[in-house]
Each structure stands twice: as structure tokens, then as C-alpha cells.
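First the structure, in the form of C-alpha cells, and then the observations on it.
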There are 2 protein chains.
Amino acid sequence: MSATPSPARRTGGRSAAVLAAVRSAVEELVQERGSGQVTIPMVAERAGVNPTSIYRRWGDAPSMINDLATYRISPDRPLPDTGDLREDLTRWAQEIIEHFRQPAAAALLRGGAAAAGAGDSDCLRNRRAEATLLIERDGGEVPVEEVIDHVIAPIVYRVLFRPWTLDDELAPALVGRLFAGR
Amino acid sequence: MSATPSPARRTGGRSAAVLAAVRSAVEELVQERGSGQVTIPMVAERAGVNPTSIYRRWGDAPSMINDLATYRISPDRPLPDTGDLREDLTRWAQEIIEHFRQPAAAALLRGGAAAAGAGDSDCLRNRRAEATLLIERDGGEVPVEEVIDHVIAPIVYRVLFRPWTLDDELAPALVGRLFAGR
DNA sequence: TCCCTAAAGCAAAGATCATTGCGTTTACGT
DNA sequence: ACGTAAACGCAATGATCTTTGCTTTAGGGA
């Protein structure tokens, strides 16, 4: 008996192609119509995929959107590492801001917010994990909660409700304020 | 000729009753199933109202949810006025936190977030107007943007993604930090 | 390369949603 | 009180979504 009965998932080839097509279609549609107006048959048609495939993989539209929103930024990209925590945080925040300046990414985040609170869905958990990593690597002088409240939260708020306020001064300003009060 | 041709809207009596019933039904359903899974026929049934009435008044579910989310807190309730800006902000933040600790209110905010970005929908605009009022009344020592970034945004972030972290120390902590760096 | 079967595609049936025309109720101005 | 028309309710229709059983394709281990 092997430890893993190994259901042998098949993630490559055709499945990967379907995933990619669905991903693009969802991003386009969520941006065009808002997450609440995106249906699975719609996505299927634009992706050139059979609706059944989507129903079987995700079940419903909110789950699908939330899942795609969670993995929109590559979770294993390299994080800034200059040796200076403040500099690292600033560059990292800047990355996030630039990412969410893409209307499609912002729209996905709105969809992820809608799905949050239910089950374990939290499309920003990877961002929090990154913050923890950055901070602990540099000795943990700053509590993670502070970074969440005063760097991530303002960015997320602006992405969701006031996306036109995401300018290039924001990252240094937020991180600056984080270090000002200590 | 009167300035307003006065289409003579009818907001009282039966219409008000329908609105109230729909409001309750939406809050319950959004909380139970998430905003993405709430349909108009569903709301109509629970509210004991004809679906057509809802379709005609709001058009679709996201618009309905966003609209109800916007006016969930009475826009003309009295704001704290102790003469001390810091104290006023703390109490005001506390009010908001207590409001969004109600799961139904949090669920509505998630729905509002989903609808944001499209059109003029921004279910938090009244909160920002209140912040502006509080600050300008007391001489405007604190920029409104700072209150948004460091008080509203952290609260909203937690409501959306980590509602169990909304404790009683949050309001004083956030406002305290706002005044610490100056 | 050959199997095994996970995952995709297809098609049909059933459920649910959205729209529209028309009659009824009733809020609001006079 | 009365009249007007706004808002609601009802019912029928067409569109759209969802589910399900079956077939076909092709990923990945032996």
C-alpha cells in the first residue's frame, strides 16, 4: 500500500489549456460586466470550452472567480530582498499596486471580495503570507498586523472603491507612515 | 411652470412596505448564501413580494444589493460631537465597527464591493462624507485621505476578509496610530 | 509504447430566470 | 373626498442556466 493512493490528477496538456482559456475569458468578462453578471455559459463560449467542463471543475461562478482571483499573482515569484526592510516593503507594495492597476486584476479582486467570508475563500491570503515572510526575514521589528492594516488595507480599499487614486507615490507614502510612528 | 415637472413618486405606504420586506430578505439571503448566489425570484419569495416588482425597481440583483448596502446605515444619524477630533473619530470608527460586526452588514458590504467600479456605485461614499464632515468641523488638522487610508480602509479590509478580527481595541488603536505620527 | 482513467465534450431534459402586457390597487396632489 | 397615474400583482412566454448520463480524448505512470 502506497501512502498516497495517488488519484493521479491530470493538470497538464488539455486541462492546462482549458484553464488558461477560462482564465482569460473570466478576466475579460469580469472586467466588462462585473463579477455579478458573469455566467458560466458565457465564460465557456468565450473560452471556446464546454460549459460542463467548468461546472464540473468549479461548480458555480463565484467559486470560479474567487479561485482565479486567488492565483492571479504568481505565488512563487521572487520577493524583493535588498537587506533593508523598509525598501523591501516599499518595492513589494509597489508591485501589488502595479498589479491591481490592471483593470482586470481589480475586477477580479472585487469578485474575490464578494466570495470572501464564505468557507475558506480569501483571495488575499498569499499577499499576507508574503508580508509575513518579508518581515520575519528581517527580524520582525514591525508587527505583521500593522503592515496589513496600513499598507495592504489602504491599497485594497483603493483598488475596490477608488482605483483612480492608485498613484506612484502611494507605496512610499504608506510604508513611510508605517515607519514614522516608531 | 414648476422647476420639477414632478413625476410624483410614491415612496410611502405599499412601496415602503415592499422596500422593507425586500431589504430584510436580501440581508438574510446575502448572509446565508453570499451575494453572488442571491437571485431576484429568491428574494421575492422570501419577502412575499412579486418578482416583477423587484425587476422593475432595480433591474438586477447586483444593483439591488449595492443599493441596499449603500443605505444600510442611516445617512442622517447624528455624528459624535465632543469637541475633540480624536475622540469624535474614535467613537465614529467604533460605530462603524459595531455596525459591520453584524454578519448581515458585512455580507452586504461584500456585495457592495463586488458592484463597485461599475458606474457610480460606491456603497461607502456616505462614510467618506462623514469623515470629511468630522474633520472639517474641527479645523481640518488631519487630511481626509489619512483617515480613509488608516481608519476606514483597515476596518473595511477586516470586514471583508477577516471579520473575526474586529475587536473593541481596533477603533482606539487605529485612531491612536493616526495621531501618533504627527 | 501501451494501459488506465481523469478530464473534456456532447446532447437532452429539467429547472430557473427575465421580460412583457394587462388588470388591480392605492399613494399623493387637488 | 376624488381623480390620476405610480407601483404592484398576475400570468404567459421565451431565454438562459444547470444537471446528468454517456462518449471521446489524451495525460501520465508502468
Side-chain angles (χ1 to χ4, degrees), chain A residues 1-26 28-30 32-68 71 111 114-115, chain B residues 1-26 29-30 32-68 71 111 114-115 118:
Chain A
M1 54 181 288
S2 85
T4 49
S6 179
R9 293 268 82 82
R10 294 180 183 179
T11 57
R14 185 159 66 160
S15 289
V18 167
L19 176 58
V22 167
R23 187 185 297 278
S24 301
V26 167
E28 289 174 21
L29 287 166
V30 161
E32 290 169 17
R33 316 177 33 107
S35 63
Q37 306 273 28
V38 173
T39 69
I40 286 180
M42 236 160 137
V43 171
E45 174 171 317
R46 182 154 323 183
V49 153
N50 195 290
T52 309
S53 304
I54 302 181
Y55 281 115
R56 293 224 233 255
R57 199 189 280 203
W58 285 285
D60 55 36
S63 305
M64 171 187 69
I65 291 170
N66 183 63
D67 184 55
L68 297 183
Y71 298 105
Chain B
M1 57 182 288
S2 85
T4 49
S6 178
R9 294 268 85 81
R10 297 183 182 179
T11 56
R14 185 158 66 160
S15 288
V18 168
L19 175 58
V22 168
R23 187 187 296 278
S24 301
V26 167
L29 287 166
V30 160
E32 288 168 20
R33 317 177 33 108
S35 64
Q37 307 271 29
V38 173
T39 69
I40 286 180
M42 233 159 138
V43 171
E45 175 171 319
R46 180 147 334 177
V49 153
N50 196 288
T52 309
S53 303
I54 302 182
Y55 281 116
R56 293 221 235 257
R57 199 189 283 202
W58 284 285
D60 55 34
S63 304
M64 172 188 68
I65 292 170
N66 182 64
D67 184 54
L68 297 183
Y71 298 105

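Letters go in sequence order (proteins before strands), and every chain restarts at 1.
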In terms of heavy-atom contacts, does CD of B:E32 have more than 12 from other residues, nucleotides or ligands at under 6.0 Å?
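More than 12 within 6.0 Å, yes.
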So does B:T11 get a side-chain nitrogen or oxygen closer than 4.0 Å to the phosphate oxygens (OP1/OP2) of C:dC28?
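For C:dC28, OP1/OP2 do have a side-chain N/O of B:T11 under 4.0 Å.
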DNA chain C contacts made by residues 38-49 of chain A, counting heavy atoms under 4.0 Å
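Only A:V49 qualify.
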From CA spacing to verdict: side chain to side chain contact (heavy atoms under 4.5 Å, CB included), B:V38, B:V26:
CA-CA 8 Å; B:V38 173; B:V26 167; 5.5 Å; no
Bending between helix ends of the helix from C:dT1-D:dA30 to C:dT30-D:dA1 [5 pairs per end, 10° resolution]:
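Computed from the C1' atoms at both ends, the axes differ by 60°.
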Considering heavy-atom distances to DNA chain C, does A:P51 or B:G13 have its closest nucleotide positioned more toward the 5' end?
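Counting from the 5' end, the first nearest nucleotide belongs to A:P51.
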What are the two closest non-hydrogen atoms of [X] and [Y], and how far apart are they?
X     : Y      : result
B:P62 : B:A115 : O-CB, 4.3 Å
A:A61 : A:I40  : N-CD1, 3.7 Å
B:V49 : B:I54  : CG1-CG1, 4.3 Å
B:D60 : B:S63  : OD1-OG, 2.6 Å
A:S35 : A:I65  : O-CD1, 3.7 Å
B:R33 : B:Q37  : NE-O, 3.1 Å

Within this structure, what is the [atom1]-to-[atom2] distance between [X] and [N], rounded to whole angstrom?
X     : N      : atom1 : atom2 : answer
A:R10 : C:dT5  : CZ    : P     : 9 Å
B:N50 : C:dT24 : CG    : P     : 16 Å
A:Q37 : C:dC17 : CD    : C1'   : 13 Å

Any B:V22 side-chain heavy atom under 4.5 Å of B:M64 side chain:
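They are in contact (side-chain heavy atoms under 4.5 Å apart), so the answer is yes.
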Please classify the nucleic acid contact of B:S15 as base, sugar-phosphate, or nothing, using heavy-atom distances under 4.0 Å.
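Counting heavy atoms under 4.0 Å across all strands, the contact made by B:S15 is with sugar-phosphate only.
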CG-CE distance between B:L29 and B:M42, expressed to the nearest 0.5 angstrom:
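Result: 5.0 Å between the selected atoms.
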With rounding to the nearest 0.5 angstrom, report the CG to CG distance, A:L19 to A:L68.
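Here the interatomic distance stands at 7.0 Å.
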Check DNA chain D against residues 53-63 of chain A and give the residues with a non-hydrogen atom under 4.0 Å, in numerical order.
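Within this stretch, A:Y55, A:R56 sit under 4.0 Å of the strand.
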In terms of side-chain heavy atoms of A:R14, which of C:dC10, C:dT26, D:dG27 is nearest?
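The answer is D:dG27.
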